[in-house]
Amino acid sequence: MSSQPTDKQVQDAYALAQERYAGIGVDTEAAMEALAGISLSLHCWQGDDVGGFESPDTELSGGIAATGNYPGKARTADELRSDLDVAYSLIPGSHRLNLHAIYAETGGRPVERNELRPEHFARWVEWAKEKGLGLDFNPTFFSHPKADSGFTLSSYDEGIRTFWIEHAIACRAIGESFGRQLGTPCVTNIWIPDGFKDVPVDRKTPRMLLKDSLDQILSVQIDRQYNLDAVEGKLFGLGSESYVVGSHEFYTGYAIANGVLLCLDAGHYHPTEVISDKLSAVLAFLDEVLLHVSRGVRWDSDHVVLLTDELQAIAQEIVRGGFLERVHIGLDFFDASINRVAAWVIGSRNTLRALLMALLEPLDQLKEIEVSGDYTKRLALLEELKGLPFGAVWDAFCLREGVPVGVRYVDEIQDYERRELARRV
Ligand code: RNT
Ligand code: ZN
C-alpha cells in the first residue's frame with residue numbers, strides 16, 4: 001500500500017502534538033496511559049457471521065442477519081481463534097473476548113443447550129489464559145428449533161420457557177467458571193429475540209412471563225467477583241417489528257430492581273435516539289452497564305463501528321462522567337461483506353480512537369466554562385478541539401503498543417487473507 005510514516009516521523013509529530021495539548025492543559029502521556037488500561041470485549045460472532053459450531057447447517061434466526069458472502073469465514077473454533085489472534089495483534093492494548101453459547105466445543109457430540117457445561121469451553125479458556133484475555137459470555141436464545149416460534153423466555157409454552165431458563169442457568173455457571181479461571185469477572189449478557197411481527201392484543205403477559213423467567217435464572221446466587229449478569233433490550237427485529245417483549249423500559253426497570261447490569265446496544269433504538277445520552281441517566285441508578293458498541297443504519301442495528309459523532313459522544317460520556325470503571329465496553333456488529341478480521345480491527349480501533357479523543361479533552365476547563373454560563377466559549381472550544389492533532393497521539397500510542405501505525409494493518413490482514421483465509425472454501 002501507500003508509503004507509511006517512519007517511527008521517527010511518528011515520534012516527531014507526537015512531540016509537537018504533546019506540546020500543543022500541554023498548551024491547553026492536557027497531559028497526552030496520562031491520556032495514553034488511561035487508554036492502555038481500557039479493555040474492549042471483542043464479539044466472537046463477527047468472525048463467522050453468528051454461525052457458531054453446533055452444526056454446519058444451523059440457520060441464523062432471531063431476527064438478526066449477517067449479509068454478504070466475503071470468502072474466508074471461520075468454520076471451526078481453531079480457525080476463529082487464529083483469526084482473533086490476527087485481530088488482537090493489530091489492536092493496541094489488551095482486550096477481552098465475548099463468546100456466545102453456540103461456540104461450545106463438544107468434540108463433535110451434540111450437546112443440548114441446557115446441558116452445556118464449563119468443560120465445553122475448556123479450549124477457549126486455555127487459549128484466553130495463554131493470550132491474557134478476559135472472557136465474557138452470552139446464552140444463545142436463537143438459531144434453535146425451540147426458538148422457532150419467535151418466543152423463548154417469554155413463551156406461553158412452559159416447556160419452552162423451562163428449556164431456556166435451564167440454558168441461561170447453565171450459561172451463568174459457565175460465566176462463573178470463566179471468572180474463576182481467568183481472575184476477571186465474566187459479563188454474561190441475556191438477549192432474547194422474543195416479539196411479535198404484528199400488533200399484539202396482550203403486551204402485558206409475555207413481559208410478566210419474561211420477568212418470572214429472569215427471576216428464576218437469577219435466583220442462583222453467583223459471586224459478582226466471577227460473574228456479572230446483564231440484560232439487553234431492543235426496539236424491534238426482523239419479524240418482531242410491532243412488539244419486542246424485552247424492551248428498553250422493561251430491562252431498565254428490571255436491571256434497577258434486581259441490581260444487574262443493563263446492556264445498551266447502540267443500534268437498538270429509534271433512529272434519532274442515542275445511547276450516549278442514556279449513560280448518565282441509567283448510571284444514576286445502576287452500578288454498572290454493558291455497552292454493545294454498534295452502528296445502526298436504517299433498519300439494521302449491526303454495521304461496523306465507524307468514528308461517528310455518536311461514537312465520539314459515547315466515549316465522551318464515559319470519560320467525562322468518570323464512568324470508565326463502571327462501563328463494560330463490548331462490540332456488537334456482523335458484516336459478511338468485507339474481510340471479517342478487518343471488521344473487528346476497524347471497529348475496535350475506532351472505539352479506542354474515540355476514547356482517546358475523549359481522554360484528550362481539557363475537561364476541567366470545559367466544565368468551568370459551562371458552569372460560568374459562557375456557552376459561546378464552550379461551543380467555540382469544543383469545535384476547535386476537533387482540529388487538534390489527536391491522530392499524532394494515536395499513532396504514537398500504536399507505535400508504543402507494537403501495532404501497525406495507520407492503514408498498514410490492512411496489508412497484514414490482506415497477507416493473512418492470501419495465506420490462510422483464501423484456503424477456506
Ligand atoms: C441482537 C443483539 C445481540 C446479538 C448477539 C449476537 O440484536 O444485539 O446482542 O447481536 O447476541
Ligand atoms: Zn447487542
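Both counts, for ligands and for their atoms, begin at 1 and track the order of listing. Index from 1, following the sequence.
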Take Lys73 and Asp83, measure what salt bridge (charged side-chain N to carboxylate O under 4.0 Å, His left out) needs, and give me the verdict at the end.
CA-CA 9 Å; Lys73 85 167 168 193; Asp83 295 355; over 6 Å; no
Backbone or side-chain N/O/S of Asp332 under 2.8 Å of the Zn ion (ligand 2)
yes
Tell me if the aromatic rings of Phe141 and Phe163 count as close, with their centers under 6.0 Å from one another.
no
Output, in order, the C-alpha distance, side-chain angles, deciding distance and verdict of side chain to side chain contact (heavy atoms under 4.5 Å, CB included) for His95 and Tyr88.
CA-CA 8 Å; His95 301 288; Tyr88 289 118; 4.0 Å; yes
Test side chain to side chain contact (heavy atoms under 4.5 Å, CB included) applied to Arg378 and Glu370, Gln365, Lys367, the passing residue
Glu370
Is the Zn ion (ligand 2) less than 2.8 Å from an N/O/S atom of His292, whether that atom is in the backbone or a side chain?
yes
With side chain to side chain contact (heavy atoms under 4.5 Å, CB included) as the test, pick out the partner of Glu232 among Leu290, Asn189, Leu261.
Asn189
Where ligand 1 meets His268 - atom numbers and elements under 4.0 angstrom, heavy-atom basis:
1 (C), 2 (C), 7 (O), 8 (O)
If we number the atoms of ligand 1 from 1 as shown, the ones under 4.0 Å from a heavy atom of Phe334 are 10 (O)
Could you check which N/O/S atom of Asp265 is closest to the Zn ion (ligand 2)?
OD2
Within 4.0 Å of some non-hydrogen atom of Ile64, the atoms of ligand 1 are 1 (C), 7 (O)
Answer key: the N, O or S atom of Glu232 nearest to the Zn ion (ligand 2) is OE2
Does Asp332, backbone or side chain, put an N or O under 3.5 Å from an N or O of ligand 1?
yes
Tell me whether the centres of the aromatic rings in Phe142 and Trp191 are closer together than 6.0 Å.
yes
Heavy-atom distance to atom 11 (O) of ligand 1: which of His100, His292, Glu232, His43 wins?
His100
Against heavy atoms of Lys234, which atoms of ligand 1 measure under 4.0 Å?
1 (C), 7 (O)
Step-by-step ring pair (Phe, Tyr, Trp, His ring centres under 6.0 Å) determination, His268 to Tyr251
CA-CA 13 Å; His268 284 190; Tyr251 282 127; over 10 Å; no
